[in-house]
**Q** 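Sharing a structure below in structure tokens format, with a few things to ask.
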Amino acid sequence: MRNWFNREKDPLTAEERVAIIEKSSKQVGPGVFYSTIIVVTSFLPVFLLTGMEGKLFHPLAWTKTFILLVDAVLAITLAPVLISFFLKGRLQPESANPITSVLEKIYTPILNLCLKFRKTTLFLNLIALAIGLFMLTKMGSEFMPPLDEGSLLFMPVTLPDVANSEAKRILQVQDKIISSVPEVAHVLGKAGRANTATDNSPISMIETIILLKPRQDWRKGMTKDSIINELNTKLQIPGVTNGWTQPIINRINMLSTGIRTDVGLKVYGQNLDSIYAFAQTIKQQLEGIDGVKDLYVEPITGGRYIDIRIKRDEIGRYGLSIDEVNTVIESALGGMKLTTTIEGRQRFSVNARYGQDFRNNLQSLKRIQVPTMNFGPIPLEAVAEIALSDGPPMINSENALLRGTVLFNVRERDLGSTVQDAQNKLNKMMLKLPKGYFLEWSGQWENQIRAKKSLMLILPFVIGIIFLVLYFTYDSLKEALVTMLTVPFALVGGIFMVYAYHVNLSVAVAVGFIALFGIAIETAMLMTIYLNEAMEKMVAEHGNDLKSLNANIIRQYVIEGSVKRLRPKLMTVLVGLFGLIPILWSTGVGSDIMRPITIPLIGGVISSTIYVLLITPVVFEMIKERELKLKGKIELIHANH
């Protein structure tokens with residue numbers, strides 16, 4: 001090697017260069033293969049996610065997997081060829097690199113200090129781990145980070161028997177009040193259902209889409225929550241229950257769970273009156289819980305119906321049949337189809353019924369004329385009883401059971417702790433429900449529980465697979481366990497970072513921790529391989545018994561193995577780190593989802609790097625000293641690298 005660095009011209013022949021490249025490729029190739037398997041395996045939980053979280057994160061997992069597979073192939077095929085073309089001229093020793101020299105001067109004394117005070121070093125790491133676990137218990141949770149859509153959806157609900165004219169008036173008043181807020185750019189509201197069979201909204205349900213101005217045009221100190229609070233304060237109208245969400249997430253919630261708010265508590269039973277009574281009791285218990293907003297019970301009673309009961313004796317006296325009276329009622333109130341008009345490729349039915357003035361009150365309905373053969377036209381009240389009656393405005397059923405729903409949104413607090421408080425309060429209040437009645441939580445909470453169960457089910461299998469890969473790599477149970485120890489300490493950095501940014505635990509954060517899992521194992525594998533190479537060199541130079549080895553010699557080679565190729569170790573970490581940091585500064589659409597993935601990755605990469613560079617050598621040295629003391633020699637691990 002020294003002769004190569006001292007040659008004046010063409011220091012390596014073609015054969016020497018190819019031999020070095022071949023040896024280095026054989027050293028790196030299998031390691032790349034095993035690390036790729038570990039990183040891909042760590043993403044198995046993401047592949048097994050279902051529902052909307054699966055649709056969102058599957059492309060990320062597939063993209064990363066394909067990139068890693070292609071990268072692994074190129075690393076062992078194309079990279080050696082390119083190196084043979086470009087790695088020419090006078091070779092420089094590693095110490096000649098100024099960056100490496102500076103890094104080694106900083107790293108070596110710190111490592112010496114950690115090796116000198118091994119127990120203190122391990123104790124400090126255990127304290128950091130305990131603090132991280134404590135922080136984890138204090139973090140909030142949610143299904144997915146809320147995506148800022150740049151708009152709001154205002155969904156107030158009025159009384160079920162509201163008149164069309166009153167609903168129109170309320171809608172106009174609300175739109176005028178909303179437009180007065182400076183941050184609002186445009187307002188568009190509707191009452192009732194759209195012209196589609198998939199929309200079953202009654203006239204009492206109003207939907208108003210509010211488009212907001214860009215953030216730079218907002219008043220100083222204003223946030224989206226403060227805008228909602230201001231609008232909600234101004235829109236307090238008697239008989240109207242306000243509800244706030246966003247257009248896209250509202251449609252997703254309604255399609256996936258049938259609930260138009262963040263959380264819904266479904267009450268199943270056999271009788272509508274009993275269901276409504278239970279729902280009202282639940283609402284009273286949920287009032288006052290921190291984070292519960294827009295609390296509302298879907299009306300099961302309060303609908304107004306016109307009951308027309310035909311008097312059979314009277315229609316017989318006038319020579320009428322039930323069908324003849326029903327035909328008059330249908331044509332007067334409901335409308336009767338007369339014909340169909342064709343305009344191009346479109347067809348429209350032509351219906352006829354009485355004008356609004358002839359059917360807008362009970363007295364007008366009673367005066368509807370019913371033609372007879374012998375007595376001429378007679379009023380409808382002569383052959384039928386007409387009265388108003390109460391009933392359900394809409395009957396909801398699910399799984400062949402009648403259903404009522406208590407709805408609420410969660411703001412200014414995390415979803416998980418809010419629902420937990422609500423469940424604890426309800427469990428104390430309702431120890432046992434009557435037979436045939438039960439409760440079911442739905443909405444975003446339902447999605448959160450499903451995703452949590454999927455992750456908890458697959459994670460043990462993933463850890464087991466990664467452990468087997470490590471075992472086959474080292475052919476040593478002990479070395480595999482040492483490498484796996486990196487994971488909890490890597491997660492500590494992610495937890496610290498998530499806690500510092502006040503981010504709630506969610507599926508997005510879990511995906512970030514899953515990605516961190518593979519990176520931490522990969523970095524620890526690299527350090528362990530270099531430490532074992534240093535042990536092989538030590539045995540070759542000094543032997544392998546109690547007479548030839550001692551603690552000082554082991555420490556010398558542990559330091560050499562740790563410092564060896566410090567630059568590529570840090571390059572591997574820093575390249576990923578520098579690629580992630582810009583995401584923290586992003587503010588565009590989608591950054592709300594990407595930041596919770598990135599935050600634990602950045603913190604975990606930093607903490608895992610510190611652990612691998614400082615703690616792994618400490619643990620490794622302690623293991624080798626124990627082996628030498630108990631067995632009289634150290635075990636050499638010929639890692640599959």
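Just so you know, these numbers use all the heavy atoms, side chains as well, and skip hydrogens, waters and symmetry mates.
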**Q** Walk me through whether Phe143 and Trp445 qualify under ring-ring contact (aromatic ring centres under 6.0 Å, His included).
**A** CA-CA 7 Å; Phe143 171 56; Trp445 178 253; over 10 Å; no
**Q** Please tabulate, for the side chains in residues 394-403, all donor-acceptor contacts under 3.5 angstrom to protein atoms that are two or more places apart in sequence or on a different chain.
**A**
| residue | atom | partner | partner atom | Å |
| --- | --- | --- | --- | --- |
| Asn396 | ND2 | Glu298 | OE1 | 3.3 |
| Glu398 | OE1 | Lys266 | NZ | 3.2 |
| Glu398 | OE1 | Tyr268 | OH | 3.4 |
| Glu398 | OE1 | Arg403 | NH1 | 2.9 |
| Glu398 | OE2 | Lys266 | NZ | 3.2 |
| Glu398 | OE2 | Tyr268 | OH | 3.2 |
| Arg403 | NE | Thr405 | OG1 | 3.3 |

**Q** Indicate yes or no: at least one non-hydrogen side-chain atom of Phe496 is less than 4.5 angstrom from one of Met135.
**A** yes
**Q** Can any side-chain N or O of Ser454 pair as donor or acceptor with the backbone N or O of Arg450 at less than 3.5 Å?
**A** yes
**Q** Give a yes or no answer on whether the side chain of Asn229 reaches the backbone of Asp225 with a donor-acceptor pair at less than 3.5 Å.
**A**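 Present.
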**Q** Take Ser389 and Asp307 through the side-chain hydrogen bond (donor to acceptor under 3.5 Å, both in side chains) test and state the conclusion after the steps.
**A** CA-CA 7 Å; Ser389 63; Asp307 281 349; 2.8 Å; yes
**Q** Just wondering, are more than 12 heavy atoms of other shown residues or ligands nearer than 6.0 Å to CZ in Phe123?
**A**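 Open.
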**Q** May I have all residue pairs that pass side-chain hydrogen bond (donor to acceptor under 3.5 Å, both in side chains) and include part of residues 170-188, sequence neighbours excluded?
**A** Glu183-Arg219
**Q** Looking only at atom types and distance, does a side-chain atom of Gln236 sit under 3.5 Å from a main-chain N or O of Asn232, one as donor and one as acceptor?
**A**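 The answer is yes, because a donor-acceptor pair under 3.5 Å joins these two groups.
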**Q** When you measure from the side chain of Lys435 to the backbone of Tyr437, do you find a donor-acceptor pair of N or O atoms at a distance under 3.5 Å?
**A** no
**Q** Quick one: does Glu207's side chain have a donor or acceptor within less than 3.5 Å of a partner on Pro247's backbone?
**A** no
**Q** Do Thr418 side-chain atoms and Asp414 backbone N/O form a donor-acceptor pair below 3.5 Å?
**A**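 Present.
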**Q** Who are the salt bridge (charged side-chain N to carboxylate O under 4.0 Å, His left out) partners of Asp294, not counting sequence neighbours?
**A**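 With neighbours one apart ignored, the set is Arg411.
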**Q** Spell out, as yes or no, whether a donor-acceptor pair under 3.5 Å connects the side chain of Asn250 to the backbone of Gln246.
**A** no
**Q** Test ring-ring contact (aromatic ring centres under 6.0 Å, His included) on Tyr296 and Phe408 and set out the steps.
**A** CA-CA 6 Å; Tyr296 171 70; Phe408 64 90; over 10 Å; no
**Q** Let's go through Leu388 and Tyr305 carefully: what are the C-alpha distance in whole Å and the side-chain angles of both, what is the deciding distance for side-chain contact (heavy atoms from CB on, under 4.5 Å) to 0.1 Å, and is it a yes or a no?
**A** CA-CA 6 Å; Leu388 293 176; Tyr305 293 89; over 6 Å; no
**Q** Any side-chain heavy-atom pair from Arg169 and Val173 closer than 4.5 angstrom?
**A**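 Of all side-chain heavy-atom pairs linking Val173 with Arg169, at least one is under 4.5 Å.
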**Q** Minimum heavy-atom separation for Pro45 and Leu459, please, with both atom names.
**A**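 Nearest heavy atoms, Pro45 then Leu459: CG-CD2, 3.9 Å.
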**Q** For Gln285, is there any backbone N or O sitting under 3.5 Å from a side-chain donor or acceptor partner on Lys425?
**A**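 Judged by distance alone, yes, a pair lies under 3.5 Å.
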**Q** Are any of the side-chain nitrogens in Lys234 or Glu230 under 4.0 Å away from the carboxylate oxygens of its partner?
**A** yes
**Q** Measure from the side-chain N and O atoms of Asp262 to the backbone N and O of Val410, and report whether any donor-acceptor pair falls under 3.5 Å.
**A**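 At least one qualifying donor-acceptor pair exists.
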**Q** Does a salt bridge link Lys64 with Asp71, judged by any charged N lying under 4.0 Å from a carboxylate O?
**A** no
**Q** Donor-acceptor check, side chain of Lys190 to backbone of Ile206, threshold 3.5 angstrom: yes or no?
**A** no
